[in-house]
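All remarks here apply to the structure that follows.
Naming convention: chains lettered A, B, ... in sequence-line order (proteins, then strands); numbering from 1 in each chain.
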There are 2 protein chains.
Amino acid sequence: MNNEQTTSAPKLWVILARTYNAVAVYLESTIAAEGLGLSDFAALEVLLHKGPLTMSAIAEKVLLANASMTSAIDRLDERGLVRRVNSESDRRVRIVELTAQGRTFISAIYERHERELEALMGGLSRAERNQLRHLLKKLGYAASVASRANKEEHQQ
Amino acid sequence: MNNEQTTSAPKLWVILARTYNAVAVYLESTIAAEGLGLSDFAALEVLLHKGPLTMSAIAEKVLLANASMTSAIDRLDERGLVRRVNSESDRRVRIVELTAQGRTFISAIYERHERELEALMGGLSRAERNQLRHLLKKLGYAASVASRANKEEHQQ
DNA sequence: GAATCTTATTTCGATATCGAACTATCTTAT
DNA sequence: ATAAGATAGTTCGATATCGAAATAAGATTC
């Protein structure tokens, strides 16, 4: 790697976008056959690993607006993969959980997904992965700070 | 940074997605006031820096399907920011170029965009940016290779 | 040089997503 | 206790995007 040259911020943003896109396109292609999009897959995945969650909690984890979450869970509900249960303690809240069928379904797909993703990143050493994680988090943190600042400035 | 722990591939993918999303949301918020989305902005930007291009060439650069590019250029055309010119040498081709108004418009916005992006990445040293670029490219390359393999496998 | 294949762009229909408005419920302050 | 405000979820209308089909023109093959 040549550490002499300088990478401009716009260039780095373009590379980030292209890389994200390349991985997303690949992952989409691997689950498209199951009739799943990346968002629906992510919702199932979070339910598998975190257990039953409220609509808002899922939406926050998978980076979707609440309105979009309603549609997503509707889709999964119609396929019998998840179920909405009314909360006992708070009647506004609907808790979403996997059905038995949904659990079997996502478990199998996720296992394969994990293997494919590990294969994809097989070229990155442990140190490289940690580096990449560290740098991405740093950048992501800066962006969310900047977003908040921008939002407050504009809405008041 | 702790290089002892291992970063799993799924975890790294989630971080990549969140970082991409955080930066995208921020950048969107900075150009939303101009009535531009990120794709339309990207199309104008590429025309500013690469000069007039065909529909397909723009679509490829900004990672949009051709069909989406038609809509995007329609929007920009209606606002008087770009113009379609029929190619002399190939009558299938329509070359898109900035109008004078479009050039003034995107020049000003891009300059600001560049400053904001540099500020956003101000926390990354030159070495860190180069590292990040290197690692992202490596990952992106692996993903596009995997995508191609997957595509060929599935379509035949 | 006619038929076939490829390429560039647009049209069309479907869909995922969003923000804003709305409803229902819970919480807080007085 | 009541009013005011906050929160959870949904509905609604708008929009960006896509893949597939359509159209038109070039390129290739025989």
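Using a 4.0 Å heavy-atom cutoff across all strands shown, B:Ala65 reaches sugar-phosphate atoms only and no base atom. Using a 4.0 Å heavy-atom criterion, one finds that A:Ser68 contacts the bases of the nucleic acid, with or without backbone contacts as well. A:Ser71 comes within 4.0 angstrom of a nucleotide base, judged by non-hydrogen atoms across all strands. Contacts of B:Asn66 with the nucleic acid, taken as non-hydrogen atoms under 4.0 Å apart, include base atoms.
Heavy atoms of other residues, nucleotides or ligands lying less than 6.0 angstrom from CD of A:Glu28 number more than 12.
Under the 3.5 Å distance criterion, the side-chain polar atoms of B:Arg112 are matched with a main-chain donor or acceptor of B:Thr30. Panel note: side chain B:Ser87, backbone B:Arg94; no donor-acceptor pair is recorded below 3.5 Å. A donor-acceptor contact shorter than 3.5 Å is absent between the side chain of A:Arg103 and the backbone of A:Leu98.
Atom CZ in A:Arg84 sits about 10 Å away from atom P in D:dG9, given to the nearest Å. For A:Met69 and D:dG9, the CE to C1' distance is 12 Å, given to the nearest whole Å. For B:Met55 and D:dT23, the CE to C1' distance is 15 Å, given to the nearest whole Å. Summarising the geometry, the separation between CD1 on A:Ile58 and C1' on D:dA8 is reported as 13 Å, rounded to the nearest angstrom. Spacing between atom CG of A:Leu53 and atom P of D:dG9 amounts to 10 Å, rounded to whole angstrom units.
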Under 3.5 Å, which donor-acceptor pairs link side chains of residues 12-22 of chain B to any protein atom two or more places apart or in another chain?
from	atom 1	to	atom 2	distance (Å)
B:Arg18	NH1	A:Lys61	O	3.2
B:Thr19	OG1	A:Leu136	O	3.0
B:Thr19	OG1	B:Ile15	O	2.9

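Not one side-chain nitrogen or oxygen of A:Arg91 sits closer than 4.0 Å to the OP1 or OP2 atom of D:dT7.
Connection of A:Met121 to A:Ile31 is established within a shared hydrophobic cluster, with ILVMFWY side chains joined at heavy-atom distances below 4.5 Å, either directly or through further cluster members.
Nearer the 5' end of DNA chain C, as judged by each residue's closest nucleotide, is the contact made by A:Ala72, out of A:Arg92 and A:Ala72.
From the 5' end on, the contacts that DNA chain C makes with chain A at under 4.0 Å to a non-hydrogen atom open and close at C:dA16 to C:dC26.
Base pairing analysis places D:dA1 opposite C:dT30; the two distances defining the Watson-Crick or G-U wobble pair are each below 3.5 Å.
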